[in-house]
Protein chains: 2
Amino acid sequence: MKIGELARESGLAPSRIRFYEREGLIGSIDRGLNGYRQYSRETRQVLEIIVMAQQAGFSLEEIRNLLPPHGKADWSKDKLVASLKNKVIEVAALQRRLSETQAGLEAVIARIEATPPGGDCFENAEAVLADLRDQSKAG
Amino acid sequence: MKIGELARESGLAPSRIRFYEREGLIGSIDRGLNGYRQYSRETRQVLEIIVMAQQAGFSLEEIRNLLPPHGKADWSKDKLVASLKNKVIEVAALQRRLSETQAGLEAVIARIEATPPGGDCFENAEAVLADLRDQSKAG
DNA sequence: CCTAACCTTAAAGTAAACTTTAAGGTCAAG
DNA sequence: CTTGACCTTAAAGTTTACTTTAAGGTTAGG
């Protein structure tokens, strides 16, 4: 499989695949007599894992450390799982913060909708937000 | 509150806060007679939302479009509530995105942990990735 | 008054992750 | 045997998201 075909199948530009090779994310693979890269099916899966990891917030450097040493079938399973679990913990922490933000916003909306007309609603909102911040520190 | 204090409280560098102002993510705020920026408590909230959204994978451009228009002078109560409600919707979008990320990560972890020591990691990875692709298309 | 720690600006620099360009070699079809 | 779609490389360019630098003004403490 030449680079163009791999590019079409994976949805990545050939330049990007060559870039990943230069960066050591995928190994330097076999070349034909003409010097063309010849890819195996495995490479496509590696590319998909790279993209997935990127979408999960991993940098290329992190991904490089997480992928198996090139040519070896044995992938450091423990290392990979540990990294992924770490990421899950980070994402969960983010989720909690977002839930707090959302609860806060909904409380603010309720308070503002309950205020009588005529007041300075912006200062009101500021005060409500300040209260919420203090509350969340206390809670 | 001067920029240094806001920087310490938010954990962002002053240069980064000025950068966000230049980029229109936070409004140009009041200045003292000396020309120093004077921030209100609300700005810190906005900065936290920016950072959270970034961590969820939004670009600054996307974040700029999801934040309410700044310039508090013409914020009526209705507009304020509408903005806040809009923000709740966007936070929910962040939540969904995080949930997808987390589900993806957990699926991958489960699959990897279920692989027998000598098994072919790539065949398993392919199935997991196929599942994830279908999920993201459906979602 | 002096010093250090703030603040201001515009402009230049940086790092990550690619893409584009330039200059060329290879290959299948007509 | 030429045309066009591939492939190769090195190097330069791009975008995003900042930080650093340069050159200066302000403010609090000894």
Side-chain angles (χ1 to χ4, degrees), chain A residues 1-41 43-44 46-67 70 83 87 90 94, chain B residues 1-41 43-44 46-67 70 90 94 97 101:
Chain A
M1 183 192 262
K2 285 182 288 184
I3 198 167
E5 199 185 337
L6 179 63
R8 273 187 301 277
E9 284 195 8
S10 65
L12 307 185
S15 64
R16 188 166 168 186
I17 297 171
R18 294 194 197 98
F19 170 73
Y20 286 161
E21 184 184 324
R22 278 201 302 284
E23 294 292 303
L25 275 90
I26 57 183
S28 301
I29 34 65
D30 295 337
R31 302 293 185 109
L33 289 171
N34 48 18
Y36 290 12
R37 290 170 179 80
Q38 276 301 329
Y39 291 99
S40 69
R41 194 129 293 276
T43 308
R44 191 185 152 187
V46 175
L47 290 178
E48 286 177 28
I49 288 165
I50 290 170
V51 170
M52 166 67 201
Q54 276 189 300
Q55 283 168 355
F58 286 85
S59 68
L60 293 190
E61 164 122 41
E62 286 172 312
I63 296 168
R64 190 184 12 247
N65 296 329
L66 188 139
L67 288 172
H70 306 308
S83 294
K87 198 71 198 177
E90 275 178 37
L94 254 172
Chain B
M1 184 194 263
K2 284 182 291 183
I3 199 167
E5 197 185 339
L6 178 62
R8 273 187 300 278
E9 283 194 8
S10 65
L12 307 186
S15 63
R16 188 167 168 186
I17 297 170
R18 293 194 198 98
F19 171 73
Y20 285 160
E21 183 184 325
R22 277 200 303 284
E23 293 293 303
L25 275 91
I26 56 183
S28 303
I29 34 62
D30 294 338
R31 303 294 185 106
L33 287 171
N34 48 19
Y36 290 12
R37 290 170 179 81
Q38 277 299 332
Y39 291 99
S40 69
R41 194 141 291 275
T43 308
R44 195 185 149 184
V46 175
L47 290 178
E48 286 177 13
I49 289 165
I50 291 170
V51 170
M52 280 191 288
Q54 274 189 299
Q55 285 168 349
F58 282 78
S59 69
L60 293 190
E61 165 123 37
E62 288 173 310
I63 296 168
R64 187 181 16 245
N65 294 330
L66 76 78
L67 287 173
H70 28 59
E90 296 301 340
L94 303 192
R97 194 142 161 182
T101 296

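Letters A, B, ... are given to chains in the order of the sequence lines, protein chains preceding strands, and every chain is numbered from 1.
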Engineer: Would you mind reporting whether I63(B) and Y20(B) have side-chain heavy atoms less than 4.5 Å apart?
Structural biologist: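 A side-chain contact is absent here, since even the closest heavy-atom pair is not under 4.5 Å.
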
Engineer: Would you say that I17(B) contacts P14(B) through its side chain, given a criterion of any heavy-atom pair below 4.5 Å between the two side chains?
Structural biologist: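 The answer is no, as the side chains (C-beta and beyond) never meet within the 4.5 Å cut-off.
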
Engineer: Checking all strands, does R18(A) fall into the base, sugar-phosphate, or nothing category for heavy-atom contacts under 4.0 angstrom?
Structural biologist: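 Answer is base: heavy atoms of R18(A) come under 4.0 Å of a base.
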
Engineer: Looking only at heavy atoms, which two atoms of K2(A) and Y36(A) are closest? And how far apart?
Structural biologist: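 Minimum heavy-atom separation between K2(A) and Y36(A): CD-CD2, 3.7 Å.
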
Engineer: Provide, to the nearest angstrom, the distance between the CZ atom belonging to F19(A) and the C1' atom belonging to dA15(C).
Structural biologist: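 Rounded to the whole Å, the gap is 11 Å.
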
Engineer: Think N34(A) has a side-chain N or O under 4.0 angstrom from the OP1 or OP2 of dC27(C)?
Structural biologist: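 For N34(A), the contact criterion (side-chain N or O under 4.0 Å from OP1 or OP2 of dC27(C)) is met.
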
Engineer: Round to the nearest Å and state the distance from R31(A) atom CZ to dT26(C) atom P.
Structural biologist: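 After rounding, the reported distance stands at 14 Å.
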
Engineer: Is there side-chain contact between I50(B) and I26(B), with heavy atoms separated by less than 4.5 Å?
Structural biologist: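 A side-chain contact under 4.5 Å exists here.
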
Engineer: Work out which heavy atom in L25(A) is nearest to a heavy atom in V46(A); give both atom names and the distance.
Structural biologist: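 Reported closest heavy-atom pair: O-CG1, 4.2 Å.
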
Engineer: Would you kindly give the CG-to-C1' distance between D30(B) and dC7(C), to the nearest whole Å?
Structural biologist: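 Taking atom C1' of dC7(C) as the reference, CG of D30(B) is at 16 Å.
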
Engineer: Can you check the I26(A) CD1 to dC18(C) P distance for me, whole Å?
Structural biologist: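 It is 12 Å, rounded to the nearest whole Å.
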
Engineer: Taking for each residue the nucleotide of DNA chain C with the nearest heavy atom, is it S15(A) or L33(A) whose nucleotide lies nearer the 5' end?
Structural biologist: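 Nearest nucleotide further toward 5': that of S15(A).
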
Engineer: Please tell me which of K2(A) and I50(A) maps to the more 5' nucleotide of DNA chain C, matching each residue to the nucleotide holding its nearest heavy atom.
Structural biologist: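 Looking at DNA chain C, the more 5' nearest nucleotide goes with I50(A).
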
Engineer: Quick check: on DNA chain D, is the nucleotide nearest E61(B) upstream (toward 5') of the one nearest Y36(A), or the reverse? Name the residue that is more 5'.
Structural biologist: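 Closer to the 5' end of DNA chain D: Y36(A).
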
Engineer: Check every nucleotide of DNA chain D for an atom under 4.0 Å from a heavy-atom of chain A, then give the first and the last such nucleotide from 5' to 3'.
Structural biologist: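 It runs dC6(D) to dT9(D).
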
Engineer: Starting from P on dA17(C), measure out to CG on L25(A) and report it in whole angstrom.
Structural biologist: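 It is 9 Å, rounded to the nearest whole Å.
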
Engineer: Contact class for R22(A) (heavy atom, under 4.0 Å): base, sugar-phosphate, or nothing?
Structural biologist: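 Touches a base.
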
Engineer: Do the non-hydrogen side-chain atoms of S10(A) and V51(A) ever get within less than 4.5 Å of each other?
Structural biologist: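 S10(A) does not reach V51(A) side chain to side chain.
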
Engineer: Below 4.5 Å, heavy atoms only, C-beta onward: do Q38(B) and R31(B) meet side chain to side chain?
Structural biologist: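 No, too far: nothing below the 4.5 Å cut-off.
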
Engineer: Would you indicate what Q54(A) reaches in the nucleic acid, counting non-hydrogen atoms under 4.0 angstrom: base, sugar-phosphate, or nothing?
Structural biologist: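 The answer is sugar-phosphate, as Q54(A) gets under 4.0 Å only of primed atoms, P, OP1 or OP2.
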
Engineer: Which listed nucleotide (dA17(C), dC7(C), dT26(C)) is nearest to the side chain of I3(B)?
Structural biologist: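 My answer, after comparing the listed nucleotides, is dC7(C).
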
Engineer: Expressed in angstrom and rounded to an integer, what is the separation of M1(B) atom CE from dC6(C) atom C1'?
Structural biologist: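 From M1(B) CE to dC6(C) C1': 16 Å.
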
